[in-house]
Amino acid sequence: MITITLPDGAQKQFETPTVTPLQIAASIGPRLAKDAVGAMVNGELTDLSTPIPADARVGIVTAKPEDSNAVYLLRHSTAHVMAEAIMRLYPQAKLAYGPPVEDGFYYDIELATPIREEDFPRIEAEMANIVAENRAFTRYELSQAQAMAKLQQAGNPYKVDNAQRALAQDPDAAISFYATGEPGKNWEDLCRGPHLPSTGRIGAFKVTSVAGAYWHGDASQQQLQRVYGKAFFTKAQMDAHLTQMEEAKKRDHRLIGKQMGLFTISPLVGSGLILWMPKGGILRQELEDFMRQQLALRGYSAVYTPHIGNINLYKTSGHYPYYKDSQFPTIKMKERDSGDESEYLLKPMNCPHHIQIYSAQPRSYRDLPIRLAEFGTVYRFEQSGELNGMTRVRGFTQDDAHLFCTPEQVEAELRSTVEMVQVVFQTLGFSEYQCRVSLRDPASDKYAGDPALWDRAEATLRKIVREVGIASQEAVGEAAFYGPKLDFLVKDVIGRQWQLGTVQLDYVLPERFELEYIGTDNHPHRPVMIHRAPFGSMERFTGILIEHFAGSFPTWLAPVQARVLSISEKFVDYARQAAAELTAAGVRVELDAGDEKIGAKIRRAREEKIPYMLVVGGKEQETGAVAVRTRKDQDLGAMPSAEFISRITAEIRNRSL
RNA sequence: GCCGACGUAGCUCAAUGGCAGAGCAACGGUUUUGUAAACCGUAGGUUGCGAGUUCGACUCUCGCCGUCGGCUCCA
């Protein structure tokens with residue numbers, strides 16, 4: 001007898017030697033049996049048909065889009081269906097690996113002929129046939145010897161490799177195959193599973209794109225074709241997803257940046273180099289002013305350093321050997337007098353320059369902490385395929401600062417920098433964020449410095465995160481070569497995650513540059529460095545802000561904060577006067593004195609995402625008022641222009657969202 | 001850097017081997033307007049760049065540049 005415990009604690013008993021989740025579901029109700037697509041058995045996702053041999057806790061997984069297990073089964077199964085369709089169309093293809101991924105799935109295949117977008121309809125048509133046939137996903141297991149023999153015979157090195165890797169993880173693992181239908185009769189694939197009960201449960205699917213991908217993500221390995229797809233239980237869910245994708249596309253900072261005249265990129269200047277246009281310049285200036293205010297509150301000193309530096313600086317810091325390949329080529333020159341050859345680098349980082357400011361004079365413990373801040377522009381030669389609008393560029397400005405402090409001061413300084421990052425996020429409306437504690441990979445030799453110092457630094461970061469109480473996760477191998485760091489990941493309004501600010505703890509560079517301060521004991525000591533950049537890069541941050549706000553920036557950031565719209569030519573003088581009052585109050589205002597009708601002017605202002613539209617005509621002129629309307633389509637009605645001015649200036653001053 | 005796609009007026013897009021076009025924007029004129037697009041007209045092009053095939057190339061082929069989707073990378 002088998003006792004099954006359901007999620008609500010209820011127990012059911014079965015007299016049979018084994019029981020399947022489907023039987024359990026049926027015993028609860030026919031509706032549940034119909035909706036069931038899989039099961040959680042003792043915390044593990046299984047097929048609906050997997051026999052349960054002993055007492056177990058079982059939850060039935062039903063076809064709900066919000067259930068990640070259900071969605072996993074759906075996507076994984078659709079990947080199989082797509083693989084079968086591709087094998088029908090391209091019998092010479094070799095399948096490699098086809099997992100579910102966030103909101104879809106892909107399958108990597110080796111195939112000499114490229115699959116192109118125009119081939120997608122054929123693949124989808126084959127898939128539709130397989131789905132219509134509603135064949136059961138049927139699992140069977142072979143002994144290792146049989147399985148390996150079968151795979152060897154099939155002549156697919158990737159599948160052999162997959163099986164070997166599975167065995168390397170668990171030598172006792174049974175090797176499972178899934179037939180889409182009947183084993184021996186229908187198409188089948190080496191697969192760990194689990195799957196939906198049958199192909200008919202796939203409600204809607206779409207082949208979305210194809211791209212190159214390396215086997216095991218290793219650029220020295222065979223390049224495969226990765227075909228991406230999406231799957232949903234119902235067509236309505238698919239449609240909702242497509243609508244959301246379109247919305248996301250409308251927020252694309254490259255598109256909005258162009259429409260709103262924020263920035264441009266010219267091939268004549270070079271790819272990955274951002275040209276900030278006047279309206280983007282306002283955005284950046286506001287962000288920088290905000291940051292300067294924060295810096296002043298926290299005892300930072302502004303410094304300025306040049307855009308290039310002698311290569312020896314970076315050899316000393318250790319950056320050069322690590323990042324040789326991602327730097328612009330060096331500038332070589334001969335000294336006029338000595339004839340010596342010098343080499344300069346466009347600076348890839350600001351820290352070595354700031355370090356020279358620190359070491360330009362003797363430092364006492366009384367001077368510390370020293371906090372040197374600079375909007376420092378750096379250049380990194382990113383691979384051409386990596387460039388993306390403002391978010392991945394070759395020249396960018398960091399809101400950088402380096403803190404030099406005593407070991408005793410480290411924690412307080414870290415706390416203060418983390419708090420500053422939080423202020424930044426809060427001010428800009430990123431309410432959902434978490435912190436990644438990026439640690440070294442003990443197995444790798446790319447990290448510089450004493451392991452004991454690393455342990456200490458990592459422990460300190462963990463402690464700070466715990467104290468501050470930010471949601472966090474640890475990531476081994478994500479540290480910088482000179483120290484562990486906290487990377488801040490924010491979610492924007494449509495749920496996409498971005499990496500923004502960073503706080504890095506560094507015991508290595510002070511060592512390399514032999515930095516010192518004189519302590520209370522009158523002896524030299526080594527300071528500790530903290531690198532931090534709350535925005536990260538002005539370019540990247542601005543790009544993300546554009547998408548976060550979809551161009552509708554809060555008033556304090558908006559390039560144009562208000563526009564006065566005149567009803568007709570007769571009121572242009574009054575409109576001009578109203579605009580002048582706003583300008584005098586420090587508001588960025590424009591005047592639309594054109595001869596279109598008011599509807600057209602409103603439409604245009606809304607399209608330009610201007611926060612406030614001030615309609616002025618005869619009524620307003622008589623009473624010294626403006627009729628206020630917002631881009632959100634709120635009509636605030638007419639008010640004295642002085643009232644509007646105090647209202648908007650307060651909003652700007654408070655940096656209201 | 002690698003795989004694939006794309007590149008036509010300022011913007012969005014037509015024209016599939018046979019005279020490069022539309023809408024919006026711009027400019028000129030008419031209109032003087034009350035809350036999401038007034039009307040008429042004008043101008044705008046080395047079809048990314050360069051070669052090749054062809055009687056003829058936006059269209060086919062090759063190279064380069066750039067962009068996009070991925071992969072790899074990311075101090």
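Proteins get letters first, then strands, A, B, ... in listed order; numbering begins at 1 in each.
- For B:A37 and B:C24, the C1' atoms lie 10 Å apart once the distance is rounded to whole Å.
- In this structure B:G34 sits in no base pair that meets the Watson-Crick or G-U test at under 3.5 Å.
- Residues A:Met291 and A:Val424 share a closest heavy-atom pair of CE-CG2, 3.8 Å.
- You cannot call A:Tyr228 stacked on the base of B:G70; the centres under 5.5 Å and planes under 30° rule is not satisfied.
- Other residues, nucleotides and ligands place no more than 12 heavy atoms under 6.0 Å from the CD atom of A:Glu117.
- The gap from the C1' atom of B:A22 to that of B:C62 amounts to 33 Å, rounded to the nearest Å.
- Distance, A:Asp325 CG to B:C73 C1': 10 Å, rounded to whole Å.
- Look at B:G7: its Watson-Crick or wobble partner, with both distances under 3.5 angstrom, is B:C65.
- Separating the C1' atom of B:A57 from that of B:C71 is a span of 35 Å, rounded to the nearest Å.
- Summarising the geometry, the separation between NZ on A:Lys230 and C1' on B:G69 is reported as 11 Å, rounded to the nearest angstrom.
- Across all strands shown, A:Pro348 has heavy atoms under 4.0 Å from base atoms, whether or not it also approaches the sugar-phosphate.
- Put simply, the side chain of A:Glu382 and the base of B:C74 share no donor and acceptor less than 3.5 Å apart.
- Of the side-chain N and O atoms in A:Asn388, one or more sit less than 4.0 angstrom from OP1 or OP2 of B:G69.
- Checked against A:His216 for a side chain to side chain donor-acceptor pair (under 3.5 Å), the options A:Arg165, A:Gln221, A:Gln222 give a single hit: A:Arg165.
- Considering only heavy atoms from C-beta on, A:Tyr300 stays 4.5 Å or farther from A:Leu372 through its side chain.
- In this structure, the nucleotide among B:C3, B:G1, B:G4 sitting nearest to the side chain of A:Tyr214 is B:G1.
- Counting to the nearest Å, the P atom of B:C71 and the CG atom of A:Asp218 are 15 Å from each other.
- Across every strand in view, B:C19 sits unpaired, with no contact that passes the Watson-Crick or G-U test at under 3.5 angstrom.
- Where A:Ile265 and A:Ala479 meet RNA chain B, the nucleotide closest to each residue was compared, and A:Ile265 sits on the side nearer the 5' end.
- Residue-level contact check: A:Gly270 touches neither bases nor backbone, having no heavy atom under 4.0 Å from any strand.
- Scanning atom types as modelled, no donor and acceptor separated by under 3.5 angstrom connect the side chain of A:Ser317 and the base of B:A75.
- For A:Tyr482, the listed nucleotide lying nearest its side chain is B:A75; candidates were B:G70, B:C68, B:A75.
- Going from the P atom of B:G41 to that of B:G23 covers 10 Å, rounded to whole Å.
- Between A:Gln434 and A:Ser472, every side-chain heavy-atom pair lies at or beyond the 4.5 Å cut-off.
- In the displayed structure, A:Glu102 atom CD is contacted under 6.0 Å by at most 12 heavy atoms of other residues, nucleotides or ligands.
- Put simply, the side chain of A:Arg116 and the base of B:C3 share no donor and acceptor less than 3.5 Å apart.
- For the pair A:Leu345 CG and B:A75 C1', the computed distance is 12 Å after rounding to whole Å.
- Remark: B:C73 base-pairs with no nucleotide; criterion is Watson-Crick or G-U wobble with both hydrogen-bond distances under 3.5 Å.
- Between the NZ atom of A:Lys601 and the P atom of B:A37 there is a distance of 14 Å, rounded to whole Å.
- Residue A:Gly385 is classed as a base contact, given a heavy-atom separation below 4.0 Å to a base.
- Nucleic acid contact for A:Gln504: sugar-phosphate only, since backbone atoms but no base atoms lie under 4.0 Å from a heavy atom of the residue.
- Between the OH atom of A:Tyr323 and the C1' atom of B:C74 there is a distance of 8 Å, rounded to whole Å.
- Contact annotation: A:Ser384 side-chain N/O to B:G1 OP1/OP2 distance is under 4.0 Å.
- Annotation for A:Gln497: atom CD counts as buried by contact number, over 12 foreign heavy atoms lying within 6.0 Å.
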Item to check | nucleotides 27-35 of chain B: protein proximity per nucleotide (B base, S sugar-phosphate only, - neither; heavy atom, under 4.0 Å) | outcome: ---BBBBBB
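- When the C1' atom is used for both B:A15 and B:C74, the distance is 43 Å, rounded to whole Å.
- A gap of 14 Å separates the P atoms of B:G7 and B:C58, to the nearest Å.
- Here the nucleotide nearest the side chain of A:Glu117, chosen from B:A75, B:C3, B:A5, is B:A5.
- For residues 252-280 of chain A, the pairs satisfying salt bridge (Lys or Arg N to Asp or Glu O under 4.0 Å) are A:Asp252-A:Arg254, A:Lys279-A:Glu590, with sequence neighbours left out.
- Residue A:Leu387 is classed as a sugar-phosphate contact, given heavy-atom separations below 4.0 Å to backbone atoms only.
- In this structure, A:Arg380 contributes its side chain and A:Pro348 its backbone to a donor-acceptor pair below 3.5 Å.
- Residue A:Ala211 is in base contact, counting any heavy-atom pair closer than 4.0 Å across all strands shown.
- Rounded to an integer number of Å, the gap from NZ of A:Lys258 to C1' of B:G66 is 12 Å.
- Using the Watson-Crick or G-U wobble rule with both distances under 3.5 Å, B:C60 pairs with B:G52.
- Partner of A:Glu607 under the side chain to side chain donor-acceptor pair (under 3.5 Å) criterion, chosen from A:Arg604, A:Arg603, A:Lys609: A:Arg603.
- Within a 6.0 Å radius of CD in A:Glu514, other residues, nucleotides and ligands contribute 12 heavy atoms or fewer.
- Each of A:Arg392 and A:Arg603 has a nearest nucleotide on RNA chain B; the 5'-most of these lies closest to A:Arg603.
- Taking 4.0 angstrom as the limit, A:Ser271 places a side-chain polar atom (N or O) nearer than this to OP1 or OP2 of B:G66.
- Nucleotides B:G45 and B:U31, compared at atom C1', are 33 Å apart to the nearest Å.
- Taking atom C1' in both B:A75 and B:G69, one finds a spacing of 27 Å when rounded to whole Å.
- Atom CD of A:Gln383 is separated from atom C1' of B:C68 by 17 Å (rounded to the nearest Å).
- As judged by a 4.0 angstrom heavy-atom cut-off over every strand, A:Glu118 is placed among residues making no nucleic acid contact.
- Across the strands present, B:U42 finds its partner in B:A26; the criterion is a Watson-Crick or G-U wobble pair with both atom distances under 3.5 angstrom.
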